[in-house]
Participant: 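I have a structure here, written as structure tokens, and I will follow up with some questions on it.
Computation of the quantities below employed the complete heavy-atom set of this structure, encompassing side-chain atoms and omitting hydrogens, waters and symmetry-equivalent molecules.
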Amino acid sequence: MRIFNTLTHSVEPFKPIHPGTVNMYVCGPTVYNFIHIGNARPVIFFDVVRRTFEYLGYTVNFVSNFTDVDDKIITRAKELEIDEIALTQTFIKAFLDDVERLGSTTKYLAPKATEYMQPITNYIAQLIDQGFAYEVDGDVYFDVKKSPEYGILSNRQIDEQELGSRIAVNDKKRHPLDFTLWKKTTEGVKFSSPWGEGRPGWHTECAAMIDDIFGEKIDIHGGGADLVFPHHENEIAQANALHHHHLANIWMHNGHLQIDDSKMSKSEGTVIYVKDLTVDPMGFRLLTLGTYYRAPLMFNDETLNTYTNEWERIKRTYSQAFYALDLIEMLDSEAKNYPDIEILHDRFIDAMTDDFNTANALTHLYALVKLLNQKMREEDAFDIMLAAFNNLKIMFNILGLRISLKRLSKADRHMYHAWKDARKNRDFDRADQLREKLSERGILS
RNA sequence: GGUCCCGUAGCCAAGUGGCUAAGGCAGCGGACUGCAACUCCGCCAUCGUCGGUUCGAAUCCGAUCGGGACCUCCA
């Protein structure tokens with residue numbers, strides 16, 4: 001397995017800290033709204049990372065947090081005139097529903113900031129004790145000048161930044177890049193701390209959770225490319241201060257989704273939510289996997305339709321093979337080995353282990369689909385069909401492409417054979433009736 | 001001002017020094033078929049522009065044009 005590491009800016013061989021185990025953390029959502037299709041990219045991609053490692057035999061400890069205390073949450077709760085707890089509960093559930101719809105697993109450790117106050121305040125206290133943070137009027141800031149490596153991840157010189165380019169400079173800070181660890185809060189949900197009532201800063205939340213949950217450096221830390229600076233830079237600064245390491249061996253960042261239809265641009269304020277996707281979510285998942293994860297992902301109606309149709313095509317082949325094999329009761333048979341199929345499988349895995357090159361992996365999946373279609377046109381190629389089908393299933397599992405089919409009932413089998421007989425006897429009225437029924441059952445497609 | 005991406009056929013997208021530039025969609029031409037759908041076979045690009053390095057470049061360097069990200073809480 002080779003992975004591009006933002007920290008070293010190069011592709012590196014993956015070496016787990018503990019053999020056979022991958023400890024990974026992905027920055028989760030701030031739960032104040034539904035997630036949009038851009039948020040869906042890491043949800044899909046890092047799920048595939050996890051599945052790939054699991055296929056390779058690793059135990060993956062996957063953690064992704066919920067930021068459930070934040071200014072945006074306070075603002076949104078006021079807008080909707082509900083309390084913050086109700087708001088975050090609503091959107092945590094909505095998030096998990098979307099994750100499920102996108103075909104990613106929801107079975108992972110998902111710590112909430114509000115439930116980690118003790119570890120977080122302890123973490124901040126340690127930073128103050130060791131001289132890396134300072135308190136001003138109930139706020140606590142991290143002192144970036146105390147961190148000699150500050151800028152190591154994002155390759156920035158702290159004094160060359162255009163200060164206040166987006167946000168007014170806060171004069172309580174010793175240096176404009178100093179970031180908030182604890183923020184004095186007068187409204188909304190607040191927590192007590194040695195520095196008075198307030199709430200934790202976002203950057204310290206993730207760092208403290210990782211510290212508490214894993215207790216050591218982790219293998220992989222992931223998130224969107226926009227998090228490189230300042231969020232992940234700040235996480236590294238804190239870990240470096242307390243533990244003299246970079247928090248994670250490998251930092252992975254997915255590129256952004258680009259909507260090139262101006263009518264749907266962010267500047268127009270029209271955001272597409274995952275919950276509002278009208279196509280099969282698997283089509284969207286395939287679209288996401290069709291592009292290398294670090295490259296920008298082009299999204300528009302045409303690309304969405306292309307991949308949705310592609311998914312229909314793949315699904316059709318899979319389903320036809322499934323029923324063809326079920327009809328002759330071969331689904332549970334032992335598959336033989338065929339070099340042509342082994343090669344496609346191996347190439348697929350090679351692509352996946354080459355920094356998760358899903359775009360290349362898909363070409364081998366397409367080749368397998370084609371092979372399966374060729375074999376289904378032949379009269380008696382069931383052995384090789386079975387082998388191809390089983391391998392396609394493996395690829396589906398790694399990519400998280402979901403399809404559930406029910407095995408044929410006795411009635412289904414009768415209907416199928418009746419259809420075949422009707423065609424043979426040139427009773428086309430009856431054949432068409434049966435074809436329609438079989439299509440409704442999903443057996444013919 | 002700083003850091004960093006990208007520009008490959010109508011569309012999406014691999015490839016990052018060397019056989020005739022993957023793959024998919026769309027298109028075109030065939031085959032199969034009771035009809036239709038599905039499916040299969042075949043065809044379809046010299047890599048934004050200019051210059052340089054090299055025996056050899058889409059791949060390296062420079063310039064230029066065009067698009068984009070980040071520079072305090074946005075995946």
Participant: Atom CZ of A:F348 and atom C1' of B:A22: how far apart are they, to the nearest Å?
Facilitator: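 Result: 16 Å.
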
Participant: For B:C19 and B:U46, measure between their C1' atoms and round to the nearest Å.
Facilitator: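 Pairwise C1' distance, B:C19 against B:U46, rounds to 16 Å.
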
Participant: Should we count CZ of A:R2 as having more than 12 external heavy atoms under 6.0 Å?
Facilitator: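 Incorrect, the count does not exceed 12.
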
Participant: Run the salt-bridge test on A:R285 and A:D47 with the 4.0 Å N-O cut-off and return the result as yes or no.
Facilitator: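 Looking at A:D47 together with A:R285, the answer is yes, because their closest N to O distance falls below 4.0 Å.
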
Participant: Where the side chain of A:E310 is defined as all heavy atoms beyond and including C-beta, which of B:C5, B:C73, B:G24 is the nearest nucleotide?
Facilitator: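 Comparing B:C5, B:C73, B:G24 against the side chain of A:E310, the answer is B:G24.
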
Participant: How far does the C1' atom of B:A58 sit from the matching atom of B:G1, given to the nearest Å?
Facilitator: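 Straight-line distance between the two C1' atoms is 33 Å.
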
Participant: Would you indicate which nucleotide in B:C73, B:A75, B:C12 comes nearest to any side-chain atom of A:T303?
Facilitator: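 Closest of the options to the side chain of A:T303: B:C12.
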
Participant: Given the side-chain rings of A:Y318 and A:F389, with only the six-membered ring counted for Trp, is the space between their centroids under 6.0 Å?
Facilitator: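 Centroid distance A:Y318-A:F389: below 6.0 Å, so yes.
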
Participant: Counting any heavy atom closer than 4.0 Å, what does A:R313 reach on the DNA or RNA strands: base, sugar-phosphate only, or nothing?
Facilitator: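 Counting heavy atoms under 4.0 Å across all strands, the contact made by A:R313 is with sugar-phosphate only.
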
Participant: Within the structure shown, what part of the strands sits under 4.0 Å from A:N155 by heavy-atom distance: base, sugar-phosphate, or nothing?
Facilitator: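 Sugar-phosphate, backbone atoms only, no base.
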
Participant: Taking B:G66 as the reference, what is the distance to B:G23 when you measure between their C1' atoms (whole Å, please)?
Facilitator: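 Rounded to whole Å, the distance is 27 Å.
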
Participant: At 4.0 Å (heavy atoms only), tell me whether A:H253 reaches a base, stays on the sugar-phosphate, or touches nothing.
Facilitator: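 The answer is nothing, as A:H253 stays clear of every strand by at least 4.0 Å.
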
Participant: Starting at CD of A:Q258 and ending at C1' of B:G7, how long is that distance when rounded to a whole Å?
Facilitator: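 Atom CD in A:Q258 sits about 12 Å away from atom C1' in B:G7.
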
Participant: Considering only the P atoms, how many Å lie between B:U8 and B:U49, rounded to the nearest integer?
Facilitator: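 Taking atom P in both B:U8 and B:U49, they lie 10 Å apart.
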
Participant: Could you go over nucleotides 13-17 of chain B and give all protein N or O partners under 3.5 Å, atom names and distances?
Facilitator:
residue : atom : partner : partner atom : Å
B:A14   : OP1  : A:Y292  : N            : 2.8
B:A14   : O2'  : A:N360  : OD1          : 2.2
B:A14   : O2'  : A:N360  : ND2          : 2.7
B:G15   : OP1  : A:N357  : ND2          : 3.0

Participant: Dump every N/O contact between nucleotides 27-34 of chain B and the protein below 3.5 Å, one line per pair.
Facilitator:
residue : atom : partner : partner atom : Å
B:G34   : N1   : A:D432  : OD1          : 2.9
B:G34   : N2   : A:D432  : OD2          : 3.0

Participant: So with a 6.0 Å cut-off around CZ of A:R441, is the heavy-atom count from everything else above 12?
Facilitator: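 No, not enclosed.
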
Participant: Are there more than 12 heavy atoms of other residues, nucleotides or ligands under 6.0 Å from atom NZ of A:K275?
Facilitator: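 Buried by this count: over 12 neighbours within 6.0 Å.
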
Participant: What integer number of Å spans the C1' atoms of B:A26 and B:C43?
Facilitator: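 B:A26 and B:C43 have their C1' atoms separated by 14 Å.
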
Participant: Identify whether any heavy atom of A:G223 sits under 4.0 Å from a base atom; if not, whether one sits that close to sugar-phosphate; answer base, sugar-phosphate or nothing.
Facilitator: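 Here A:G223 touches the backbone only, sparing every base.
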
Participant: For A:F179 and A:Y141, I'd like to know if the aromatic rings sit close, meaning centre-to-centre distance below 6.0 Å.
Facilitator: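 No.
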
Participant: When you check the gap from the basic side-chain N to the acidic O, do A:D71 and A:R199 get nearer than 4.0 Å?
Facilitator: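 Between A:R199 and A:D71 there is a salt bridge, with a charged N closer than 4.0 Å to a carboxylate O.
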
Participant: Can you tell me how far P in B:U64 sits from the matching atom in B:C25, rounded to whole Å?
Facilitator: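 The answer is 41 Å between these two P atoms.
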
Participant: Can a side-chain donor-acceptor contact be found between A:R51 and A:T105 if the only test is distance below 3.5 angstrom?
Facilitator: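 Their side chains do not contain a donor-acceptor pair, so the 3.5 Å distance test is not met.
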
Participant: Inspect the surroundings of NZ in A:K437 and state if more than 12 heavy atoms from other residues, nucleotides or ligands are less than 6.0 Å away.
Facilitator: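 Open.
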
Participant: Across all strands shown, which nucleotide pairs with B:C60 by Watson-Crick or G-U wobble geometry, both distances under 3.5 Å?
Facilitator: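 Partner of B:C60: B:G52.
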
Participant: What's the gap between B:A31 and B:G68 when it is taken at their P atoms, as a whole Å value?
Facilitator: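 Nearest-Å result for B:A31 against B:G68 at atom P: 48 Å.
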
Participant: Return yes if a side-chain donor-acceptor contact under 3.5 Å exists between A:Y293 and A:D355, otherwise no.
Facilitator: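 The answer is yes; a qualifying pair exists.
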
Participant: I'd like the P distance from B:C55 over to B:G42, given in whole Å.
Facilitator: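 B:G42 and B:C55 have their P atoms separated by 40 Å.
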
Participant: Hey, does A:G255 reach any base, or is it just sugar-phosphate, or nothing, if we go heavy atoms under 4.0 Å?
Facilitator: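 It contacts base atoms.
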
Participant: By a 5.5 angstrom centroid cut-off and a 30 degree plane limit, is there stacking between A:H256 and B:A75?
Facilitator: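 Here the ring of A:H256 and the base of B:A75 are stacked, with centres under 5.5 Å and planes under 30°.
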
Participant: So what does A:H9 touch, heavy atoms closer than 4.0 Å: a base, only the sugar-phosphate, or nothing?
Facilitator: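 The residue A:H9 makes sugar-phosphate contact but no base contact.
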
Participant: What is the separation between atom CG on A:D139 and atom P on B:C73, rounded to the nearest whole Å?
Facilitator: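 Distance check: A:D139 CG to B:C73 P gives 15 Å.
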
